Structure formats: C-alpha cells, structure tokens
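These notes concern the structure reproduced below.
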Amino acid sequence: MSETSAWVIFIAAIFTNNILLTNFLGMCSFIACSGQIKTSLGLGTAVIFVMIMTTMINYVVYHFVLVPLSLIHLQFIVFIAVIAAFVQLVEMFVERFSPKLYFALGIFLPLITVNCAILGASLFMIIRNYSFIQSVGFGLGAGIGWAVAIVLLAGLRQKMTYSHVPKPFQGVAIAMIVTGVLAMAFMGFAGMVAIQ
Amino acid sequence: MKWLLKVIDAVRPNFEEGGKLRLLNPVFEALEHVFFAPGTTTLEAPHVRDPIDLKRFMSMAIISVVPTVLAAFYFFGLRFVAMIIVSYAAGLTVEALFAIVRKEGINEGFFVTGILFPLILPPSMPLWMVALGVAFGVFIGKELFGGTGRNVFNPALVGRCFLSLAYPKTMAKSWVEPSDYLAGALTDWVGPSLDAVSGATPLALAKQGEMGAVSHLFLGSVPGSAGETSAVLILLGGVFLLFTRVASWRTVVSILGSFIVLTGALVAGGAVSYPMAGVFGPVMWHVFAGGLLFGVFFMATDPVTSPTTNAGKWLYGIVIGSTTVLIRNFTGYVEGVTFAILLGNIVAPIFDEIVIGIRIRRLRSEG
C-alpha cells in the first residue's frame with residue numbers, strides 16, 4: 001500500500017495527474033459538452049459526485065466482496081454495473097430537481113456510465129493499491145480535476161465564438177487543439193507532487 | 001527612395017487582379033507598406049479585429065521592447081540578431097500563407113510576436129528551433145483562431161512552451177554567460193558551435209543553494225533568456241507601456257503583488273529556505289530573477305488574451321503570480337512564468353464570465 005497522504009493524492013489528481021489532461025480519459029463528453037460554461041459546470045458537478053461515490057462503493061465491493069470470493073477477474077463488469085446503477089440514480093435526481101440541466105446534458109448524462117474517466121478512477125485505485133481514505137482523496141481529486149478541465153475548455157470555447165477558425169478546424173478539431181495547449185500548460189505543475 | 005517606388009510600381013501589375021502572382025498579393029502589399037503609405041484609402045472597414053486602434057497598440061509595444069532588444073544584443077551578440085531574423089522570417093511565412101488563403105492583409109500583430117519570441121528564448125538556442133517554435137506558436141496559438149485579436153493564447157508563449165516541453169535538454173544547454181567586456185558582445189557570435197561557456201541561470205543556481213547579488217540581476221549581467229536578464233531596462237519599457245495605457249496597471253500590480261506576498265509568506269513561514277537572510281532580500285531577488293518582470297510587462301498584459309473586465313484582471317494577475325511562485329518553488333522546473341501566464345490565458349474567459357454574471361445579477365436585483 002502506497003504511503004502518500006490522501007491530501008497529496010487529492011492535489012496531485014487535480015493538477016499534476018489530471019485524469020483528463022494527462023491520461024486523456026473521458027474525452028467524449030469533455031469535447032461534446034463543453035460548448036457552454038453552465039452545461040459544463042453541471043456535467044462537471046455530476047461527474048465529481050459520481051466519481052467520488054463510485055470509487056468508494058467500488059473500493060468496498062472490491063476489497064470485501066471480490067477479493068474474499070476470489071472473483072477479481074470480474075472487476076470490470078462489477079465496476080461498470082455499480083457505475084451504471086449509480087448514474088441511474090443521479091439521472092433521476094437531476095431530472096427531478098433541474099429539468100433544464102437534464103435537457104441540456106441530454107444523452108451525455110446517462111453516458112457518464114461509460115465515461116472512461118469514472119471507470120479509470122476505480123481501476124487506478126486498485127492498481128495503485130490505495131487505502132480507503134486515499135481512494136476518497138483520489139476520487140474527489142480526479143472528479144474535480146475533470147470538472148476544472150471541462151469548465152476551462154468551455155470558457156475558452158465560449159470566447160472562441162469571436163474567433164475565425166478555418167473551416168477544416170472548426171468544432172471538434174479546434175477543441176482538441178485547445179485541449180492540447182491546456183495539457184501543455186498543466187505540464188508546468190509536473191513534479192510539484194507525485195503519485196505513480 | 002524614388003528608384004524603389006519605380007521598382008514597386010513596375011512589379012505591381014503582377015500582383016493585382018489578373019496578374020500572374022495574384023496569390024502573393026498580401027506579401028507584396030506588406031512589403032510595399034513598409035516603405036510607402038498606401039495610395040488608396042479604405043472605404044469601409046475590411047477586416048476590423050477590435051475596436052481599439054491595433055496599429056497604435058502594436059507600435060507602442062514595439063517601442064517599449066527596444067531597450068530590452070538592445071540589451072540582448074549587447075549581452076549576447078550577433079547571434080541574437082540572427083534569432084530575430086529567423087523568428088520574423090519563419091513567423092511571417094506562416095502568417096503570409098494564412099493571409100493568402102484568407103485573402104486578407106498581413107496583420108501588424110505579428111511584428112510584436114516576432115520580436116518577443118527570441119527575447120524569451122535562451123540566447124544560444126539552435127536557429128532551426130527558433131523557427132520551429134515561432135511557426136508552432138503562430139500557427140497553433142494564433143492563426144488557427146483567426147489571427148491577431150482573435151487568439152485565446154499568447155502565441156509567443158505557446159511557442160516557447162512547446163519548445164521547452166519538446167526539447168528540454170537543448171533548452172537547458174542553451175544558456176550562456178553574457179559578455180563581460182565593456183564593449184559587450186556586439187561583434188561576437190556566441191553559440192553552441194563556438195566556445196560558449198554554458199551558464200546556469202540564477203534560478204537554477206538558487207535551487208542548488210547559490211544566490212547571486214541582486215545588482216547583477218538588476219543590470220542584467222547574468223545568464224538567462226535573451227531579453228529577460230536586465231531588470232532595469234524591462235522596467236523602463238514597462239513603465240512606458242503603463243504610461244501609454246497599453247498595459248493594464250491592474251494586471252501588473254496584481255501579479256507582482258500576489259507574487260511578493262506569497263513568496264514572502266513562504267520564506268517567512270519557513271516553507272522554503274534560501275541562503276539569503278531575512279524575508280525582504282529573497283523576495284526582491286525573486287522579483288528580479290528570471291522572466292517574471294518580462295512576462296508581467298510584455299506577456300501577461302496582452303489585451304487580447306487577458307480578461308477584459310477590471311475585476312477579472314485582478315483575479316487573472318493573482319492566478320499568474322501565485323502559480324509562478326508554486327512552480328518556481330515546488331516543481332521540477334526552475335522557471336514557471338511561461339506556464340503561469342499560459343494558465344492565466346486559459347482561466348481568463350472564466351473570470352470575465354464570473355464578473356459579468358455578478359454584474360448582471362446586481363443590475364437585475366436593482367431593477
């Protein structure tokens with residue numbers, strides 16, 4: 001078990017090991033839902049919530065069900081099932097309390113289920129041998145890091161409505177390029193705090 | 001000058017509608033307008049980019065870097081002139097290609113980027129890397145977004161960031177000791193090919209526990225990026241920029257303020273320790289060391305990539321100042337101004353959005 005404190009893992013997951021800008025996980029909804037700051041903020045919050053809850057649940061499921069029953073080979077299916085069930089809950093919640101956001105996110109809300117960042121966080125937690133507290137720090141940090149990245153991209157894309165992007169680069173292409181520059185700028189934090 | 005006018009008039013038909021070299025018209029016009037004012041006046045705004053007078057802004061920015069350019073020439077010699085030429089040539093090529101495709105004129109904005117870029121590079125950087133960096137910066141950082149006034153990142157910084165991530169070893173090897181003769185290096189060619197003494201920058205030395213005198217940093221006789229070494233000349237240009245209101249004093253004050261406060265807090269709190277005694281000493285040393293001042297005055301104040309609202313500028317400055325401190329003290333990099341300002345550019349639209357949102361809410365509640 002690694003001995004890094006949960007606090008360090010939390011900071012690292014936001015800045016130095018941002019799950020989106022260094023591992024490039026969860027790109028599909030990142031590109032698709034970053035047209036507007038409000039929408040991206042909504043999706044970002046949903047991802048933070050789902051990520052921290054599923055890492056916690058998956059930690060418990062993995063260490064108290066899968067390991068004792070030696071069913072580790074089922075971890076992918078079980079993790080995805082947990083995530084899917086949880087996202088269903090969130091979806092019902094959002095539909096009930098913020099119909100506007102529900103329609104703005106559209107298909108991308110249920111698609112959080114297959115957001116690779118969420119599954120990625122659970123798998124990293126297993127690979128890196130985090131303890132429960134560390135997992136909480138990592139889940140929260142990874143979620144916040146993802147949300148920060150999508151909100152930043154949304155801000156830039158909103159500003160870019162005044163830009164004059166050449167035809168072949170419009171839409172997804174320029175968003176990918178901007179993401180690249182974002183990742184370049186985040187490289188500046190490299191070495192500040194380190195997790196594997 | 002009459003002969004030149006004759007030459008230009010003679011080749012003009014080639015570039016006009018129906019001429020053989022019609023496609024190169026933007027290049028021809030740009031060259032012509034260096035020497036002569038156009039004979040025609042514009043009837044309507046052909047490609048207005050911004051309500052501010054772009055040309056005036058750009059010429060002020062160029063005037064303000066003149067002292068720094070001369071200092072770079074004095075300290076690092078003829079090689080620096082070659083870097084400027086390469087930077088202009090490579091950048092203008094990209095710019096001209098886009099102008100030709102878009103059928104617009106070449107914009108003055110590049111003249112600022114083209115001079116700023118060599119100033120933030122190590123003085124013995126291989127020339128092909130200078131060309132690659134500026135081409136990358138202009139292409140990715142500016143032209144893809146529609147050219148001057150429409151970019152979201154500072155093109156020179158995108159180019160430098162790219163070089164420092166792609167060729168970290170070459171960057172680290174390219175620092176040279178500035179000339180210590182009275183006549184400077186005006187006639188010398190310092191470069192990796194000749195016997196240049198590669199010098200570690202003051203910030204790199206500080207990481208090893210060695211801090212030079214502040215006076216050296218102030219005058220500029222230390223290794224560093226070509227234009228960043230002489231604090232006094234940067235201040236001279238910077239004050240001029242503030243005076244002409246091209247640079248926003250809010251940005252400058254908030255970056256330097258947050259930088260000083262955070263560094264002071266770290267030193268006083270014992271989170272970082274320097275061989276220099278006291279709190280004030282190390283803080284002042286850090287302000288004058290490295291690219292902070294250059295970045296503050298010439299990079300961060302770029303009106304296009306910084307927030308437009310005043311409150312946004314304060315927040316933007318705080319982000320840049322504190323990120324610089326964090327990167328300098330806690331990461332593997334010795335200098336963080338490039339990354340910090342790029343991050344500032346990235347968060348700038350969010351700050352504008354927040355400030356404008358609050359303002360709208362306040363107006364609504366007032367009815």
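Computed from heavy atoms alone, side chains included, the values below leave out hydrogens, waters and symmetry copies. Protein chains get the first letters and strands the later ones, always in sequence-line order, with residue 1 at the start of each. Remember, it's a predicted structure, so these values are computed and weren't measured experimentally.
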Residue-level contacts of residues 352-360 of chain B with chain A, using a heavy-atom cutoff under 4.5 Å |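 The residues closer than 4.5 Å to chain A, in numerical order, are E353(B).
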
Heavy-atom contacts under 4.5 Å, residues 307-322 of chain B to chain A = none

Check salt bridge (Lys or Arg N to Asp or Glu O under 4.0 Å) between E228(B) and all other residues, then give those that pass, not counting sequence neighbours.
->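 None.
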
With a 4.5 angstrom heavy-atom cut-off, which part of V151(A) approaches chain B: side chain, backbone, both or neither?
->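 For V151(A), the contact with chain B is made by backbone and side chain together.
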
Using a 4.5 angstrom heavy-atom cutoff, name the option from [options] with the most pairs to chain A.
{"options": "N345(B), L144(B), V152(B)", "result": "L144(B)"}
{"options": "V347(B), L343(B), L342(B)", "result": "L343(B)"}
{"options": "Y333(B), F162(B), F145(B), F351(B)", "result": "F145(B)"}

How long is the gap from CD1 on I350(B) to NZ on K159(A), to the nearest 0.5 Å?
->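 Rounded to the nearest 0.5 Å, the CD1-NZ separation comes to 11.0 Å.
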
Just how far is it from atom CG of L326(B) to atom CZ of F15(A), taken to the nearest 0.5 Å?
->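 With rounding to 0.5 Å, CG (L326(B)) is 8.5 Å from CZ (F15(A)).
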
Would you say F103(A) has more than 12 foreign heavy atoms packed within less than 6.0 Å of its CZ?
->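 No - once you tally the heavy atoms of other residues, nucleotides and ligands closer than 6.0 Å, there are 12 at most.
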
Quick one: what part of T338(B) sits under 4.5 Å from any heavy atom of chain A, side chain, backbone, both or neither?
-> neither

L165(B) portion near chain A, given a 4.5 angstrom heavy-atom threshold |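 Only the side chain of L165(B) comes within 4.5 Å of chain A.
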
Closest approach of G155(A) and P349(B), non-hydrogen atoms and distance?
->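 Minimum heavy-atom separation between G155(A) and P349(B): O-CB, 3.4 Å.
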
Side chains of P166(A) and R102(B) in contact at under 4.5 Å (non-hydrogen atoms) | yes

Top residue by heavy-atom pair count (under 4.5 Å) with chain B, among V165(A), V148(A), L156(A)?
-> L156(A)

Can you check whether anything in residues 169-189 of chain A gets within less than 4.5 Å of chain B, heavy-atom wise, and list it by number?
->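 Contacts with chain B: F169(A), I174(A), I177(A), V178(A), V181(A), L182(A), M184(A), A185(A), F186(A), M187(A), G188(A), F189(A).
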
